[in-house]
Amino acid sequence: MHWADVAAQALAHKSDTHVVSTGITPSGEFHIGHLREILTGDMIARAAKDAGLTVDFVFIIDSADPLRKVYDFLGPEYEQFVGNQLGAIPAPKEDGNPDWERFQNEGWTYANHFLEPFLKALKEIGVRPRLIDNLESYRNGRFAELSKTACDRADDIREAIERISGRELPDGWFPWSPLNSRGGLDKVRVTGYEYPLVHWEDEYGATGSSDITKGEGKLPWRIDWPAKWGWIGVTCEAFGKDHGAAGGSYSTGREIVQILGHEPPHPLVYEWISLKGQGAMSSSAGNTIGPIEALRLVPPEILRLLVAKSKPNKAIEFDTGMGLVTLADEFERLAARDFQQELANEELSRRQKVQVEDAAGAMKMATVVSGQEVQATAVTFRHLALLAQTKKSDSDVWMSLQASGALKEITPQLQDRLNRMRYWIQSSHFPNEMRIKILTEPNTTMLEALDEVERRIMKSLVVALNACEWNATAIGASIPQSAKDLDESPRSAFKVAYAALMGTEKGPRLAPILAEMDREEILRLLDACVQVLGN
RNA sequence: GGGCCUGUAGCUCAGUCAGGUAGAGCGUCGGACUUUUAAUCCGAUGGUCGCGGGUUCGAACCCCGUCAGGCCCGCCA
């Protein structure tokens, strides 16, 4: 059974209606790591719906969280906002400094700025959660009741956190962080509590009272999370392994939520996604790839497959080079399979059956529109990469595919894939080993490995190419002819040509590539090859 | 110090919850095709299941220990 179905089954044992929740702090640019958070939730929700449950899938935007520091991508003017809530400060402009104008005129915040492209990507990927803005929820009094309970039972909560996390809370600790005189959550001390007011004084010498029913502050993180479970009624949440450790925020949360009078949600801990060869992704290290950027390279189904095929507790390495080719080709293979038919085979062992079921489950989760069949395009990524490099115009690509019988009609899906492929080829992510390259200097090693016959063909080939017209058809005829002239198989002519021009044993169709190249340069290279052999 | 996750074929992983003859894909090798789309098709190859003990008729799976890698325990998914 697919992991999402296993989770759905666990939920079904508890109740018929569920709220599956996800949440992200919009503190900087989103990356594909964040996609795992939301896709994991989406897949559980989808599986639960398929199992006949009523499911509300929500995405909580943690806009009430404070800006922790002036990140590298922010200008120095952000110093004044450290400690202030992300949904209450201006967004950065191109130069990294605050865009006051949009903030004042449209209320365009820091949180909005980073969230918007992510939401756009989600739409494309087929994830449609109900959005809950956390800061707004505080301001609208959604947290009021639970905040009161938290403040009333401050000692119980304090005890729970200290016991479970094993760390000691400071003396003035209180389960409510009031906003100080400058709108920040730091540099402020609670001096008293009389519902609904929490009295405070800050390091700027100001004092005041924060109304906990109006969002004039927020619950500290370890209480904020269980409080959300409470008022939203969350019954299932997937979260990163950082929250899942013993003594981490889930283990304190599950106890705190009970103090607040609710049940903890069904947890699902997932591993992180790293960028191949660069460790965990982090915005400050700059080794991120955003969902938008990823979508320019591959279609959404393939991105979904990446998350769907790995069990949540497996770390995923996202590789924008060869790994992407493998992943995309795997997608094509899976799409072409008939799982129903495979499962009908009685001879399958239990083990093999599980594998087929998991593959089928992963593909079900990979579709952008739930329930829709994925169609195989019949063209592998690898193949398309070749064609996209050798054919300048799209229609040439389609003609070539139709000529070989691989393709009957050009679907919008294929056109879309070709567009992304062309973008990928231009980008720095495209792997070198996939890049078609004609040598500029002879590859001596390859040439010296040629035998007597092949050396003769080499000379014949040079003569033939010198004589022929410089277009794909003529070149395509000349290469094999150069071998036929010597009563050798056409194949050996290609072997020689690859050795001379690309330094490889085999390769992509040569004629169209050569036709696109400068004739003189190719001829010069071939002459140089003959020179090498002459010695 | 406490805890979590991972370790199975060259690579990526399934199988561990409910113990019953080691599984898939990729790769590699071989063959078919031969004016070749690094294509396609067919076939083969491949593992002391990290290591050591224990329980059992039987252990990749359960228990104990141990090694290695990653991570968490001051709000990075």
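Below, each value reflects all heavy atoms present in this structure, side chains not excepted, and no hydrogens, waters or symmetry copies. Below, chains carry the letters A, B, ... as their sequence lines are ordered, and counting in each starts from 1.
- Using atom C1' as the reference point in both rC61(B) and rU55(B), the two lie 13 Å apart (nearest Å).
- As rounded to the nearest Å, rA32(B) and rG7(B) have P atoms that lie 41 Å from one another.
- For residues 353-363 of chain A, there are no side chain to side chain donor-acceptor pair (under 3.5 Å) pairs, not counting sequence neighbours.
- Checked against side chain to side chain contact (heavy atoms under 4.5 Å, CB included), Arg456(A) has the following partners two or more places apart in sequence or in another chain: Leu486(A).
- Closest to the side chain of Arg509(A), out of rC72(B), rU36(B), rA14(B), is rU36(B).
- At a cut-off of 3.5 angstrom, counting only N and O atoms as typed in the model, there is no donor on one side facing an acceptor on the other between the side-chain of Arg68(A) and the base of rC76(B).
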>> Just to be sure I follow the notation: if a pair is Watson-Crick (purine N1 to pyrimidine N3 plus N6-O4 or O6-N4) or a G-U wobble (N1-O2 and O6-N3), each under 3.5 Å, what dot-bracket string does RNA chain B give, with | for pairs to another strand?
In response: ((((((((.[[[[.)....(..]]]].(((((.......))))).....[[[[[..)....]]]]])))))))....
Please tabulate, for side-chain N and O atoms in residues 465-476 of chain A, each donor-acceptor pair with protein atoms closer than 3.5 Å (sequence neighbours left out).
from, atom 1, to, atom 2, distance (Å)
Asn466(A), ND2, Val462(A), O, 3.0
Trp470(A), NE1, Leu514(A), O, 3.1
Trp470(A), NE1, Met517(A), O, 3.2
Asn471(A), OD1, Thr473(A), N, 3.2
Asn471(A), OD1, Ala474(A), N, 2.8

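- Closest-nucleotide positions on RNA chain B for Lys391(A) and Asp65(A) were compared, and the one nearer the 5' end corresponds to Lys391(A).
- In this structure Asp451(A) satisfies the side chain to side chain contact (heavy atoms under 4.5 Å, CB included) test together with Val453(A), Glu454(A), sequence neighbours excluded.
- Shown here are the side chain to side chain contact (heavy atoms under 4.5 Å, CB included) partners of Gln481(A), two or more places apart in sequence or in another chain: Lys484(A), Asp485(A).
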So which protein nitrogen or oxygen atoms get under 3.5 Å of nucleotides 22-24 of chain B's nitrogens or oxygens?
from, atom 1, to, atom 2, distance (Å)
rA22(B), O2', Arg351(A), NH1, 3.3
rG23(B), O2', Gln355(A), OE1, 2.8
rG23(B), N2, Gln355(A), NE2, 2.8
rG23(B), N3, Gln355(A), NE2, 3.0
rA24(B), OP1, Gln352(A), NE2, 3.2
rA24(B), O4', Gln355(A), OE1, 3.0

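- Residue Leu35(A) is classed as having no contact, given no heavy-atom separation below 4.0 Å to the nucleic acid.
- A straight line from CD of Glu37(A) to C1' of rA77(B) spans 5 Å, rounded to a whole angstrom.
- rC75(B) and rU28(B): their P atoms are spaced 46 Å apart (whole Å).
- Between Tyr270(A) and Phe239(A), a ring centre-to-centre spacing not shorter than 6.0 Å is recorded.
- For the side chain to side chain contact (heavy atoms under 4.5 Å, CB included) test, residues two or more places apart in sequence or in another chain that qualify with Val325(A) are Met322(A), Asp329(A), Arg382(A), Trp424(A), Met434(A).
- Contacts of Lys311(A) with the nucleic acid, taken as non-hydrogen atoms under 4.0 Å apart, involve only primed sugar atoms and P, OP1 or OP2.
- When heavy atoms are screened at a 4.0 angstrom cut-off, Ser27(A) is found touching no nucleic acid atom at all.
- Side-chain N/O atoms of Trp176(A) and Ser210(A) include a donor and acceptor closer than 3.5 Å.
- Out of rU40(B), rU37(B), rA14(B), the shortest distance to the side chain of Thr380(A) is found at rU40(B).
- Distances shorter than 4.0 Å separate none of the side-chain N or O atoms of Lys241(A) from OP1 or OP2 on rC76(B).
- Partners of Phe174(A) by ring pair (Phe, Tyr, Trp, His ring centres under 6.0 Å), not counting sequence neighbours, listed by chain and number: Tyr193(A).
- Residues Ser165(A) and Lys484(A) both approach RNA chain B. Their nearest nucleotides, taken by heavy-atom distance, put Lys484(A) toward the 5′ side.
- With its ring centre under 5.5 Å from that of the base six-membered ring and a plane angle below 30°, Trp272(A) counts as stacked on rA77(B).
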Scan the side chains in residues 183-190 of chain A for donor-acceptor partners under 3.5 Å anywhere in the protein, sequence neighbours excluded, and list what turns up.
from, atom 1, to, atom 2, distance (Å)
Arg189(A), NH2, Glu201(A), OE2, 2.8

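- By the salt bridge (Lys or Arg N to Asp or Glu O under 4.0 Å) test, Asp133(A) is found to be paired with no residue, residues two or more places apart in sequence or in another chain being considered.
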>> Determine whether Phe73(A) and Tyr78(A) satisfy the following criterion, ring pair (Phe, Tyr, Trp, His ring centres under 6.0 Å), listing intermediate values before the conclusion.
In response: CA-CA 10 Å; Phe73(A) 53 86; Tyr78(A) 272 92; 8.6 Å; no
Scan nucleotides 4-8 of chain B against the protein and return all N/O pairs shorter than 3.5 Å with their distances rounded to 0.1 Å.
from, atom 1, to, atom 2, distance (Å)
rU6(B), OP1, Asn313(A), ND2, 3.1
rU6(B), O3', Lys314(A), NZ, 3.2
rG7(B), OP1, Lys314(A), NZ, 3.3

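- Using atom P as the reference point in both rA22(B) and rU36(B), the two lie 46 Å apart (nearest Å).
- Separating the P atom of rG69(B) from that of rA60(B) is a span of 26 Å, rounded to the nearest Å.
- In this structure, the nucleotide among rU35(B), rA39(B), rC76(B) sitting nearest to the side chain of Arg382(A) is rA39(B).
- Atom CD in Glu317(A) sits roughly 17 Å away from atom P in rG69(B) (whole-Å rounding).
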